Amino acid sequence: MTSEPVPGADNRISGGTFHGPVIQAGSIGSVTLTAPSAPALPLGVPAAPSSVFIGRDAELAALLDVVRPDRAAGRVGLVSGPAGVGKSELLLHAAHTALERGWFPGGVLSIDLQGYTDGLPQLSAGEALGRLLHRLGLSAHAIPGHVEDRAATYRECIKERSVLVLLDNAGDSAQVGPLLPSGDCAALVTSRHRLPALDDVQRITLDALSSESACELLLAAASPDAETEARIRAVRSHARKIAAQCGGLPLALRVAAARVRGEPPEEFAELAEWLDDERKRLVELDDGERTVTAAFRASYNRLGDDQRLLFCLVGLHPGPRIDVHAAAALADLPVRDVRRLMQDLRNSHLIARDGVGHYRLHDLLHDYARTRAHEDVAEDVVRAALDRLIDYYLYTADRADLAVAPGRYRLPHSVARPPHLTPDVDERTAALAWFADELPHLTAALRIAATTAEPSRCWLLADALRGYFFHVKAWDSWLDTLQMALDVATAAGESRVQGILHNSMGIALIELDRSPDAARHYRAAEQLFEAAGDAHGVATSVENHAWVHQYAGDHEAALADHQKALDVYLGLGARRNVAIVLRGMALAEVELGRTESAIARLTQALEVFLELGLDLDATMALNGLGEAHTRSGDAAAARRHHLLALRQSRACGSAFEEARARDGLGTLSAAVNPARAAHHWRRALIHYEALRSPAATKVRARLDALPGFIS
């Protein structure tokens, strides 16, 4: 019996050494396997699709473990992952290796199921079985009409022949199930979908390559064997950048490699520069025959309407990592509905899980989703989604700030579009964790807000971030957000808001040892508050300016400014502000040798902080008491207060106050126990250096002065 050629099937051999026919019913990638002319199935060895195979050793080993002959059951492996991640290439390498080891004397039976082939319809299970049976030697009239009958005939034909079945580019579980073999056969499947309905399969998920493997793949694919190591060294730094811009996606890396193959090193630098523009990156990843966009488009087109819209809206998010609450705000849907839709996108490998309730888009998929949002979604829908996202971040940040810095004076506001549901940020630890996790997105939302019809949300977000930035001492990042907000408030003519932002900038600057710049901002704030008739704001500016004198060593001038502010706060009944001023006055009095008065003020301030539940402020007061008792010569009281501050600093998560407590404990130990002093100072130095605090210099000098110890 002679088999007839199947229309559309490509049976050319693109390379390799062959010792017999291999069953073929389609093609995988650029490699095709020859079909037999009779049902006999002798050994065949397919050529690997590429000599460049990097970074997939673990996945290849796992796939071979699935199909090894001595495996008792479950010899079906599913390789899933996003478009362009190298699933088909891995499949062929596994088949090649398995046949070289003699595992499948019956040969290889392969088919492209066209689940994500641009311009071609997905094969039904019946169509795929018909092609496979034809390749197995059955004539058209011998192939059953019903899909279940075809499946039974197909399994009967191969069950005793030890065949490896390759099912590439599957679209769904219903397409794959009838094609899985039985008996001594094994199967390997690839899909961009997780195919959750397939039971009893071993699943391997392919992710992007590591940065090192991505760079090596790019260099290997772009550099012919004849090229010298010197040339590769010359382009390696650009290759690293291109690999990062491609996000470690093998298809993108191979397209980029084709763009620069055989070109001078300058071409690498030029391509890296072009790929820097996120808006044009996908356009540049086109070598004339392959495009990353086309690969993504096939996955996008298979989505349902609701999933497609959510994918587009998630692309508007300023970062590739998004939590379900932010996604719900973008989509204006309940969180439970968004979880379901996000799971659909995850099953399609368009997003990935990144912790509980969090998801991540590959950088290039994020670029693609953003492009689709601006091209496929109405402009007013996009604008409304971004407004809801900003309101979500503002609403949640305001709640989190209440937990981080309770009692702090805040700019009053209300959110026009409160979110359906927000994460739990009402407890201090949870609020700090949320701020740390979402900070890049909060600052990005602040930038977006500056360009909307409601720019006030820009400075309101900056104000909501104040407590967190002060807590973690992230001065440079804080200054960046404050400057953005100040520019917007100045353009809007908001004098009082400008004053608040100037005061905050002064606080950050003075902590960076830039007292003259801080003083300029405090003076500007005082003038703006006076013009607005805001006595509280004026007092805050004067109180802040006291610290300029304090850092300059003019403690009497500092006390005078503190007293002016204290008088106003007492009149306004601002208890927290009164306690903060008392704490500041005490530190000035310590420097002036008035330790008895300083201890009294700090004790009074500590009582207020504890009563109001202000843990960080209380910790600062405890450290102040430790420093005051050290100066007064009461080492026991000093140690007791610094130890309390150390415990409290850990409870409230303040690395700076922990460093300050350890600094004080080191000072108390230096004369009697240098080893203990070194321990505390070294721990303090770690925190101070991480926070870029000027105090690090003093602690390092103390360590260096200890005999026998090296900082």
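Since the model is a prediction, treat every value here as computed from it, not as a measurement.
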Student: Nearest 0.5 Å please: distance from the CG atom of L389 over to the CG atom of L313.
Tutor: 10.0 Å
Student: In a table with atom names and distances, give each donor-acceptor pair under 3.5 Å that connects a side chain of residues 180-189 to protein atoms at least two apart or in another chain.
Tutor:
none

Student: Quick check for you: to the nearest 0.5 Å, what is the distance between E148 atom CD and L129 atom CG?
Tutor: 11.0 Å
Student: To the nearest 0.5 Å, tell me how far N347 CG sits from Q307 CD.
Tutor: 10.0 Å
Student: My understanding is that only residues two or more places apart in sequence, or in another chain, count here; which of them pass side-chain hydrogen bond (donor to acceptor under 3.5 Å, both in side chains) with D276?
Tutor: K241, Q245
Student: Do any N or O atoms from the side chain of R150 and from the backbone of G126 form a donor-acceptor pair under 3.5 angstrom?
Tutor: yes
Student: So E284 and R281, salt bridge (charged side-chain N to carboxylate O under 4.0 Å, His left out) or not? Walk me through it.
Tutor: CA-CA 5 Å; E284 295 295 340; R281 186 174 295 164; over 6 Å; no
Student: Just checking, any donor-acceptor pair under 3.5 angstrom between side chains of D65 and Q202?
Tutor: no
Student: What I'd like to find out is whether the side chain of V108 reaches to under 4.5 Å of the side chain of V163, using heavy atoms alone.
Tutor: no
Student: Kindly determine whether R254 and E89 satisfy salt bridge (charged side-chain N to carboxylate O under 4.0 Å, His left out), including the steps that lead there.
Tutor: CA-CA 12 Å; R254 291 185 182 279; E89 181 183 33; 2.7 Å; yes
Student: Can you measure from CD1 (I322) to CG (L330) and round to the nearest 0.5 angstrom?
Tutor: 5.0 Å
Student: Would you say the side chain of L251 lies within less than 4.5 Å of the side chain of V255, judging by non-hydrogen atoms?
Tutor: yes
Student: Any side-chain to backbone donor/acceptor pair from R346 onto A352? Under 3.5 Å, distance only.
Tutor: no
Student: So, for A256 and C246, which heavy atoms are closest and what is the spacing to 0.1 Å?
Tutor: CB-SG, 4.2 Å
Student: Of all heavy-atom pairs between P250 and R56, which one has the smallest distance, and what is that distance?
Tutor: CG-NH2, 3.9 Å
Student: Please name the pair of heavy atoms, one in L364 and one in A252, separated by the smallest distance, quoted to 0.1 Å.
Tutor: CD1-CB, 3.7 Å
Student: Checking side-chain contact (heavy atoms from CB on, under 4.5 Å) for the pair L123/I111: CA distance, chi angles, key distance, verdict?
Tutor: CA-CA 10 Å; L123 295 182; I111 186 168; 4.0 Å; yes
Student: For F296, enumerate each residue passing the ring-ring contact (aromatic ring centres under 6.0 Å, His included) test, keeping only those at least two apart in sequence or located in another chain.
Tutor: Y368
Student: Backbone N or O of L132 within a donor-acceptor pair of the H134 side chain at under 3.5 Å?
Tutor: no
Student: Taking only residues two or more places apart in sequence or in another chain, which ones pass side-chain hydrogen bond (donor to acceptor under 3.5 Å, both in side chains) with D323?
Tutor: H325, Y392
Student: Given side-chain contact (heavy atoms from CB on, under 4.5 Å), test V165 with F104 step by step and report yes or no.
Tutor: CA-CA 10 Å; V165 179; F104 295 99; over 6 Å; no
Student: Checking the side chain of S210 only, and the main-chain atoms of S213 only, is there a donor and an acceptor separated by less than 3.5 Å?
Tutor: yes
Student: Taking the side chain as C-beta and beyond, is there a heavy-atom pair between R370 and E278 under 4.5 Å?
Tutor: yes
Student: For the residue pair H362 / D207, report whether a side-chain donor-acceptor contact shorter than 3.5 Å exists.
Tutor: no
Student: Could you go through the side-chain contact (heavy atoms from CB on, under 4.5 Å) check for E267 and L271 one step at a time?
Tutor: CA-CA 6 Å; E267 291 291 329; L271 180 59; over 6 Å; no
Student: Please report the closest heavy-atom contact between T97 and H93, naming both atoms and the distance.
Tutor: OG1-O, 2.8 Å
Student: Give the intermediate values and the outcome of salt bridge (charged side-chain N to carboxylate O under 4.0 Å, His left out) for residues D287 and R259.
Tutor: CA-CA 6 Å; D287 65 5; R259 291 278 305 270; over 6 Å; no
Student: Side chains of N169 and S88: do they bring a donor and an acceptor to under 3.5 Å?
Tutor: no
Student: Less than 4.5 Å apart, side chain to side chain, heavy atoms only: is that true for L92 and L166?
Tutor: yes
Student: Answer yes or no: is there an ion pair linking D437 with R321, defined by an N-O contact shorter than 4.0 Å?
Tutor: yes
Student: I would like to know whether Y154 and I158 meet side-chain contact (heavy atoms from CB on, under 4.5 Å); could you show each step before the answer?
Tutor: CA-CA 7 Å; Y154 155 72; I158 64 172; 3.7 Å; yes
Student: How long is the straight-line distance from CZ of R339 back to CG of L333, given to the nearest 0.5 Å?
Tutor: 13.5 Å
Student: Give the minimum heavy-atom separation between L209 and I54, together with the two atoms involved.
Tutor: CD2-O, 3.7 Å
Student: Report yes or no: is the cationic atom of R372 (NZ for Lys, CZ for Arg) closer than 6.0 Å to the six-membered ring centre of Y300, at no more than 45° off its axis?
Tutor: yes
Student: Got C157 and L138 here, is their nearest side-chain heavy-atom distance under 4.5 Å?
Tutor: yes
Student: As an exercise, state the distance from CG of L60 to NE2 of H96, rounded to the nearest 0.5 Å.
Tutor: 10.5 Å
Student: Can you confirm whether more than 12 heavy atoms, excluding those of R71, are under 6.0 Å from its CZ atom?
Tutor: yes
Student: Okay, side chain of R261, backbone of A221: is any donor-acceptor separation there less than 3.5 Å?
Tutor: yes
Student: side-chain contact (heavy atoms from CB on, under 4.5 Å) with L113: which of D168, T190, L179?
Tutor: L179
Student: Does D200 CG have over 12 foreign heavy atoms under 6.0 Å away?
Tutor: no
Student: Hey, does the Lys NZ or Arg CZ of R302 hover above the aromatic six-ring of Y116, less than 6.0 Å from the centre and inside 45° of the axis?
Tutor: yes
Student: Indicate yes or no: at least one non-hydrogen side-chain atom of T153 is less than 4.5 angstrom from one of I143.
Tutor: no
Student: If we only count heavy atoms from C-beta on, is the T205 to R194 side-chain gap below 4.5 Å?
Tutor: no
Student: Between R131 and E127, is a salt bridge (charged side-chain N to carboxylate O under 4.0 Å, His left out) present by the stated rule, with each step listed?
Tutor: CA-CA 6 Å; R131 294 190 185 187; E127 289 175 305; 5.8 Å; no
Student: Among R203, H193, K87, H349, which residue satisfies the side chain to side chain donor-acceptor pair (under 3.5 Å) criterion with S80?
Tutor: H349
Student: Just by modelled atom types, is the R68 backbone N or O under 3.5 Å from a matching donor or acceptor in the R75 side chain?
Tutor: yes
Student: Tell me, please, which residues at least two apart from E266 pass side-chain hydrogen bond (donor to acceptor under 3.5 Å, both in side chains).
Tutor: none
Student: Excluding sequence neighbours, so at least two apart, what forms side-chain hydrogen bond (donor to acceptor under 3.5 Å, both in side chains) with H317?
Tutor: Y393
Student: Check whether any side-chain heavy atom of S162 sits under 4.5 Å from a side-chain heavy atom of P105, and report yes or no.
Tutor: yes
Student: Under the side-chain contact (heavy atoms from CB on, under 4.5 Å) test against L350, which residue among D344, L303, L361 passes?
Tutor: L303
Student: At their closest point, which heavy atom of G171 faces which heavy atom of Q122, and how far apart are they?
Tutor: CA-OE1, 3.4 Å
